[in-house]
Amino acid sequence: MGQVPNCSAAVETRLTGLDLLNQATLNKGTAFTDEERDMFGLHGLLPPHVGTLDEQVSRRLKVLRRFPTAFERYAFLRELQDTNETLFYALIVRNLEETLPLVYTPTVGEGCQRFSEIWRKPRGLFLSYPNRHRIREIVSDARFDPVRVIVVSDGERILGLGDQGAGGMGIPIGKLSLYTACAGIHPDQTLPILLDVGTNNQERLADPLYIGWRHERVRGNDYDAFIEDFIAAVAERWPDVLLQWEDFAGTNAARLLERYRERLCTFNDDIQGTAAAVAGTLLAAIGVTGVPLTQQRIALLGAGSAGSGIAALLLHAMIDGGLGQDEARGRFFAVDRHGLLVEGMPGITPAQAPFVRRRRDVAGWRLQNPDEIGLLDVVSNAKPTVLIGTSAQSGAFTENVVREMAKHVDRPVIFPLSNPTWLSEATPEQLAGWTEGRALIGTGSPFAPVQINGRTVIVNQTNNSYIFPGVGLGILAANARRVTDGMFMAAGRALAQLSPAKEGKDERLLPPVSELRAVAVAVAKAVAHQAQADGVAEPASETTLAARIAACVWEPCYRPYRKIA
């Protein structure tokens, strides 16, 4: 495991002049000293003022705040990242609460939709289907030698926005920005990859600015062979890499994870990271309600890859808590596009199968429509204590549904998780109003605080950003060979332990976003220990693990430069 250099360690480079300034990972802008300007031929290319990183952060922050729209701020930050990576991360780390919604959800959604408009400089790799025979050649470049973490997408299911084709590259770039900003993984060790297998988005295909392969999506055996070529090249090039699957369509997400999870160190953040974030937030909410996990009744709207992943992790947690498998399954009510999942329904996926209800389970229910058991039917009859949305259906948690739930539960736990913001199943303001302020709310995207009964309530962002950076950090520090489901449950439990609500039931459920670096370290420790317990990492003492984690964490700072021949 390579140690991240500290701020006093010199950078050695043979680049000079514009070649040095155009290297985003090396560029310091006005912060190059007079001696460095002499050494590298920078006089005249830079204004005479010798600045500091602090001054540069203040200057860029001032410019950032002047842009009228979130998308313009997103585009500005992307250009800054491609110009001066140290400055970009210094600005993000020092202003996480303000900038996270810009580099990540919800703004990254529009960033993917309009990715072709603002693409300027190469970042990461576009591996297109026509170049499938060149994958090994492309990844062999020496500049990728330090890579330890890859985030890959094929752009088919970007947030709740669907197929964005090559524009889906905005997601791997954004996710890896959080690996660095929240967990300190050095940017040189990260690699975003977009697998361009075409797109079925007619708006993208008709756009003259579209930068992707103009072809309908490759499917079936050809798609699988392309993925196999990619995985084989990755495993050969970086045998110890951590690979994160991101925003693949539900038909591919679970099966690709199952196919490759024993061949390399890999996980799917939509399935496993989301589940751990929900588990952590729910455990924090349980600390407030006092109702044990084994007594919760969970209604889930949206039984795709994310929803099924959430249910699977919570199911295992209930079984670990002492419930039998059948009893634990009986506490879940999964609603998809055709209503409650019940036996005999066509198209049930393997991930949904454990949560299909028997017909006799609902035989005595009073239903609005006997042919399709909707969410309101579920809430009226099952009286869930927890309501989770991963449906990408704006407004799906209607007033009738929420008020009916609140009639039967003193402190309803409601998580409208769909992203971006405008696809949320309900707003926190609505949920607070319909439950007289009794609901414990977690959202996928950030929302402003809510005023209810004369008090200000902070909205908990139940988002993967609390989980995956720390998971990655723990995996790297432990030198884990594989990723287990137990590591995600450990991450969720570690997050719950950090809940401010442990100090008072009126406090927020999750730590503020400004503390995500501390959260990542705590999650990393739990994940590393679980990796050892699961036998996928070699034993190491608490002290050794803490030192390894610290050695992986990079602080954005300018280092002195030394010229080499």
Side-chain angles (χ1 to χ4, degrees), residues 70 92-107 178 181-182 274 276-291 385-390 397 402 405-406 409-467 469-470 491-520 522-523:
I92 300 299
V93 169
R94 299 179 193 186
N95 302 274
L96 271 173
E97 200 138 7
E98 179 178 354
T99 59
L100 209 64
L102 300 175
V103 299
Y104 190 46
T105 182
T107 315
L178 266 63
C182 300
T274 302
V278 171
T281 313
L282 178 55
L283 291 173
I286 285 170
V288 175
T289 67
V291 179
T385 57
V386 179
L387 178 58
I388 299 170
T390 58
F397 291 172
V402 174
M405 181 183 184
V409 184
D410 181 45
R411 298 299 305 273
V413 178
I414 307 179
F415 297 160
L417 300 179
S418 291
N419 289 315
T421 310
W422 57 90
L423 291 178
S424 181
E425 286 79 7
T427 68
E429 188 173 19
Q430 290 171 328
L431 297 176
W434 297 337
T435 62
E436 295 79 42
R438 292 183 285 121
L440 294 167
I441 303 167
T443 61
S445 285
F447 280 87
V450 173
Q451 298 294 323
I452 187 71
N453 297 333
R455 63 190 180 95
T456 300
V457 177
I458 301 294
V459 178
N460 304 282
Q461 189 183 353
T462 304
N463 194 280
N464 307 34
S465 55
Y466 281 94
I467 295 295
R493 293 188 188 281
L495 176 59
Q497 287 300 312
L498 299 174
S499 172
K502 291 173 69 69
E503 305 301 322
K505 294 189 175 183
D506 290 331
E507 297 293 329
R508 60 198 298 164
L509 297 179
L510 297 178
V513 169
S514 58
E515 296 178 9
L516 279 178
R517 276 214 155 193
V519 171
V523 168

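The figures here come from the full heavy-atom set of this structure, side chains too, leaving out hydrogens, waters and symmetry mates.
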Just jot down the side chain to side chain contact (heavy atoms under 4.5 Å, CB included) partners of [X], sequence neighbours excluded, or say none.
X	value
Thr107	Ala70, Tyr74, Leu102
Ala501	Val288, Ser499, Leu509
Val457	Ile452, Arg455
Thr421	Pro106, Ser445, Phe447

Less than 4.5 Å apart, any side-chain heavy atom of Ile388 and any of Val278? yes
Looking only at heavy atoms, which two atoms of Leu96 and Val513 are closest? And how far apart? CD1-O, 3.7 Å
For the residue pair Thr435 and Ala406, what are the closest heavy atoms and their distance?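 In terms of heavy atoms, the two residues are closest at CG2-CB, 3.9 Å.
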Do we see a donor-acceptor contact under 3.5 Å between the side chains of Ser418 and Glu425?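 Side chains of Ser418 and Glu425: pair found under 3.5 Å.
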Apply salt bridge (Lys or Arg N to Asp or Glu O under 4.0 Å) to Arg411 and list each qualifying residue two or more places apart in sequence or on a separate chain.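 Salt bridge (Lys or Arg N to Asp or Glu O under 4.0 Å) check on Arg411 returns nothing, list empty.
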Results of side-chain hydrogen bond (donor to acceptor under 3.5 Å, both in side chains) for [X] - residues two or more places apart only:
X	result
Glu515	none
Gln451	Thr456
Asn460	none
Thr390	none

Is the count of non-hydrogen atoms from other residues, nucleotides or ligands lying under 6.0 Å from Glu98 atom CD greater than 12?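 Buried by this count: over 12 neighbours within 6.0 Å.
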Salt bridge (Lys or Arg N to Asp or Glu O under 4.0 Å) partners of residues 494-513, not counting sequence neighbours, each pair once: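 Sorted pair list comes back empty.
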Can you tell me which residue pairs pass the salt bridge (Lys or Arg N to Asp or Glu O under 4.0 Å) test with a partner in residues 436-446, sequence neighbours excluded? Arg403-Glu436, Glu436-Arg438
